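Read through the structure below, which is laid out as structure tokens, and then see the notes.
Bear in mind the structure is a predicted one, so any value in this text is a computation, not a measurement.
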Amino acid sequence: MTHPAIQLPTLIAHRGYSAAAPENTLAAVRAAHQAGVDWVELDVQLLGDGTPVIWHDADVARCSNSRGTLSSMDWANAQNLDAGSWFGDAFSGEKMASLETMLALLNELGMGVNMEIKVNKGRDPIALVERTLPVMLDTLPSERLIISSFDSHALAHCRQFANSDRLALGVLFGSVPKTWRAQCEAIEAFSVHPDWPRLKRIQAEAILRDGYQLLCYTANDPSAFHSRWEWGISSVITDEPGAFKRFLDSH
């Protein structure tokens with residue numbers, strides 16, 4: 001099995017540099033780039049009218065000045081939201097980003113993205129993949145794109161669009177289950193993305209032995225994570241890439 005020639009970075013900025021700017025926004029991606037981070041992790045889902053947007057939650061209450069579910073909104077509604085002032089006055093007026101606008105920024109900055117296909121409760125994974133994956137495949141080179149998801153139906157459908165040499169797929173886990181190998185083989189996965197405190201060393205060794213890359217989320221304390229590097233982990237997904245950079249530079 002062949003995969004895209006992805007040069008995995010040590011650090012991937014979680015939802016952009018989300019400790020420095022409102023998560024999943026253009027501002028957060030720019031902040032990551034300014035901090036010298038080459039890759040970001042973002043979430044994509046659909047509004048009620050089918051518009052693909054970069055957003056994590058099923059609703060907008062936590063990260064905007066309004067309320068309501070994404071499934072009840074259209075693009076015009078979404079553009080009326082202030083998606084920045086909740087984080088800080090400096091980001092007042094920041095807009096929810098469309099997938100198209102975000103991809104354009106990633107290309108402008110030459111950045112890679114681990115894009116999570118975010119299937120919130122009650123939403124259709126197949127519709128989400130069909131509306132978003134072709135756009136990403138058309139816009140980004142294969143060496144700058146990893147698609148990940150917790151949803152096995154979404155990942156299986158992604159594989160229908162492109163072979164493993166064109167599209168890198170990552171399987172997201174909380175705790176790594178006993179069925180991890182079968183799940184990875186079923187979609188010809190590139191990588192496994194576990195919740196780092198729940199990953200066991202014996203699991204890491206088995207995953208690497210089978211030829212998968214290990215990307216761990218969401219680590220924000222570089223000293224607590226430090227011993228894990230020797231397990232062979234490729235990348236850490238972090239809200240705090242600046243703190244990790246400073247720690248790694250001093251060790």
Point to revise | Heavy-atom side-chain proximity of Cys63 to Trp55 below 4.5 angstrom | key: yes
Check your understanding: How far does CG of Asp195 sit from OG of Ser175, to the nearest 0.5 angstrom?
Key -> 7.0 Å
Exercise for review: Using atom types as modelled and distance alone, determine if a side-chain donor or acceptor of Asp249 lies under 3.5 Å from a backbone N or O of Arg246.
Suggested key: no
Review point. Below 4.5 Å, heavy atoms only, C-beta onward: do Leu145 and Val113 meet side chain to side chain?
Key: yes
Point to revise | Flag side-chain contact, heavy atom, 4.5 Å: Thr132 against Leu46 | key: yes
Review point. What's the shortest heavy-atom distance between Ala13 and Pro241, and which atoms?
Key: CB-CG, 4.1 Å
Check your understanding: So how far is it from His193 NE2 to Ile146 CD1, rounded to the nearest 0.5 Å?
Key -> 5.5 Å
Check your understanding: Are Phe150 and Ile12 linked, directly or through other ILVMFWY residues, by side chains that come within less than 4.5 angstrom of each other?
Key -> yes
Review point. Is a donor on one side and an acceptor on the other found under 3.5 Å between the side chain of Thr139 and the backbone of Met136?
Key: no
Check your understanding: Are more than 12 heavy atoms from other residues, nucleotides or ligands located less than 6.0 Å from atom CD of Glu143?
Key -> yes
**Study point:** Modelled atom types, side-chain donor and acceptor of Glu130 and His157, under 3.5 Å
**Key:** yes
Practice item. Please confirm whether the backbone N or O of Asn65 pairs with a side-chain atom of Asp82, one donor and one acceptor, at under 3.5 Å? Key: no
Check your understanding: For the atom pair CD1 (Ile237) and CZ (Phe244), what is the distance rounded to the nearest 0.5 Å?
Key -> 11.0 Å
Check your understanding: Does the side chain of Ser66 come under 3.5 Å of the side chain of Ser64 through a donor N or O and an acceptor N or O?
Key -> no
Review point. Do the non-hydrogen side-chain atoms of Trp196 and Trp231 ever get within less than 4.5 Å of each other?
Key: no
Which donor-acceptor pairs under 3.5 Å do side chains of residues 26-43 form with protein atoms, sequence neighbours excluded?
from, atom 1, to, atom 2, distance (Å)
Glu41, OE1, Arg15, N, 3.2
Asp43, OD2, Asn24, ND2, 3.0

Exercise for review: May I ask whether Met115 and Val192 are part of the same hydrophobic cluster, defined by side-chain heavy atoms of I, L, V, M, F, W, Y residues being less than 4.5 angstrom apart, directly or through others?
Suggested key: yes
Exercise for review: For the pair Glu205 and Arg201, evaluate salt bridge (Lys or Arg N to Asp or Glu O under 4.0 Å) and give the outcome as yes or no after the intermediate values.
Suggested key: CA-CA 6 Å; Glu205 290 168 350; Arg201 184 165 194 154; 3.5 Å; yes
Check your understanding: Under 3.5 Å, is there a donor-acceptor pair between the side chain of Arg198 and the main chain of Val176?
Key -> no
Review point. Can you name the nearest heavy-atom pair linking Ala83 to Lys95, along with the distance?
Key: CB-C, 4.0 Å
Check your understanding: Are Val60 and Met73 side-chain neighbours, meaning at least one heavy-atom pair lies under 4.5 Å?
Key -> yes
Review point. Taking side chain as C-beta onward, heavy atoms only, is Leu214 less than 4.5 Å from Leu199?
Key: yes
Check your understanding: Could you give the distance from CG (Asn120) to CG (Asp59), rounded to the nearest 0.5 Å?
Key -> 8.5 Å
Exercise for review: Return the set of residues passing side chain to side chain contact (heavy atoms under 4.5 Å, CB included) with Thr51 (not counting sequence neighbours), or none when no residue passes.
Suggested key: Leu47, Asp49, Val53, Trp75
Review point. Under the side-chain contact (heavy atoms from CB on, under 4.5 Å) criterion, do Leu8 and Gln213 qualify, and how do the steps go?
Key: CA-CA 9 Å; Leu8 279 171; Gln213 302 292 325; 3.6 Å; yes
Review point. Is Asp89 atom CG crowded by more than 12 heavy atoms from other residues, nucleotides or ligands, each under 6.0 Å away?
Key: no
Check your understanding: Under 4.5 Å between any side-chain heavy atoms of Ser152 and Leu155, yes or no?
Key -> no
**Study point:** Verdict with reasoning, Ser149 to Asp151, per side chain to side chain donor-acceptor pair (under 3.5 Å)
**Key:** CA-CA 5 Å; Ser149 190; Asp151 190 288; 5.4 Å; no
Practice item. State yes or no: do Leu106 and Leu133 share one hydrophobic cluster built from I, L, V, M, F, W and Y residues joined by side-chain heavy-atom distances below 4.5 Å, directly or via other members? Key: yes
Check your understanding: Between the main-chain N or O of Phe91 and the side-chain N or O of Glu94, is there a donor-acceptor pair closer than 3.5 Å?
Key -> no
Exercise for review: Treating Ile, Leu, Val, Met, Phe, Trp and Tyr as nodes and any side-chain heavy-atom pair under 4.5 angstrom as an edge, say whether Phe190 and Tyr217 lie in one connected cluster.
Suggested key: yes
Check your understanding: Any sub-3.5 Å donor-acceptor pair from His251's side-chain atoms to Phe247's backbone N or O?
Key -> yes
Review point. Is there a path of hydrophobic side-chain contacts, each under 4.5 Å between heavy atoms of I, L, V, M, F, W or Y residues, that connects Met102 with Leu81?
Key: no
Check your understanding: Crowded around His56 NE2? As in, over 12 foreign heavy atoms under 6.0 Å?
Key -> yes
**Study point:** Option among Ile147, Ile117, Val135, Leu103 that satisfies the side chain to side chain contact (heavy atoms under 4.5 Å, CB included) test with Val44
**Key:** Ile117
Review point. When rounded to the nearest 0.5 angstrom, what distance separates OG in Ser235 from CG in Leu215?
Key: 4.0 Å
Practice item. Indicate the atoms forming the closest heavy-atom contact of His153 with Pro125, along with that distance. Key: CB-CG, 4.2 Å
Point to revise | Trace of the side chain to side chain donor-acceptor pair (under 3.5 Å) decision for Asp239 with Ser18 | key: CA-CA 5 Å; Asp239 300 327; Ser18 56; 2.9 Å; yes
Point to revise | Side-chain heavy-atom pair Phe225, Ile233 within 4.5 angstrom cut-off | key: yes
Side-chain donor-acceptor pairs under 3.5 Å in residues 160-173, sequence neighbours left out?
from, atom 1, to, atom 2, distance (Å)
Ser164, OG, Thr2, O, 2.8
Arg166, NH2, Leu137, O, 2.4

Practice item. Start with the C-alpha distance between Glu116 and Ser148, add both sets of side-chain angles, then the distance that settles side chain to side chain donor-acceptor pair (under 3.5 Å), and finish with yes or no. Key: CA-CA 5 Å; Glu116 181 181 345; Ser148 64; 5.2 Å; no
Review point. If only atom types and distance count, is the side chain of Gln45 paired as donor or acceptor with the main-chain N or O of Ile54 below 3.5 Å?
Key: no
Point to revise | Over 12 foreign heavy atoms within 6.0 Å of CZ, Arg67 | key: no
**Study point:** Tyr212 backbone acceptor or donor facing Asp210 side chain under 3.5 Å
**Key:** no
**Study point:** Reported CG-to-CZ distance for the pair Asn114 and Arg144, which is rounded to 0.5 angstrom
**Key:** 14.5 Å
Exercise for review: Carefully, step by step, assess Lys245 and Glu240 under the rule salt bridge (Lys or Arg N to Asp or Glu O under 4.0 Å).
Suggested key: CA-CA 9 Å; Lys245 270 181 171 289; Glu240 294 275 8; over 6 Å; no
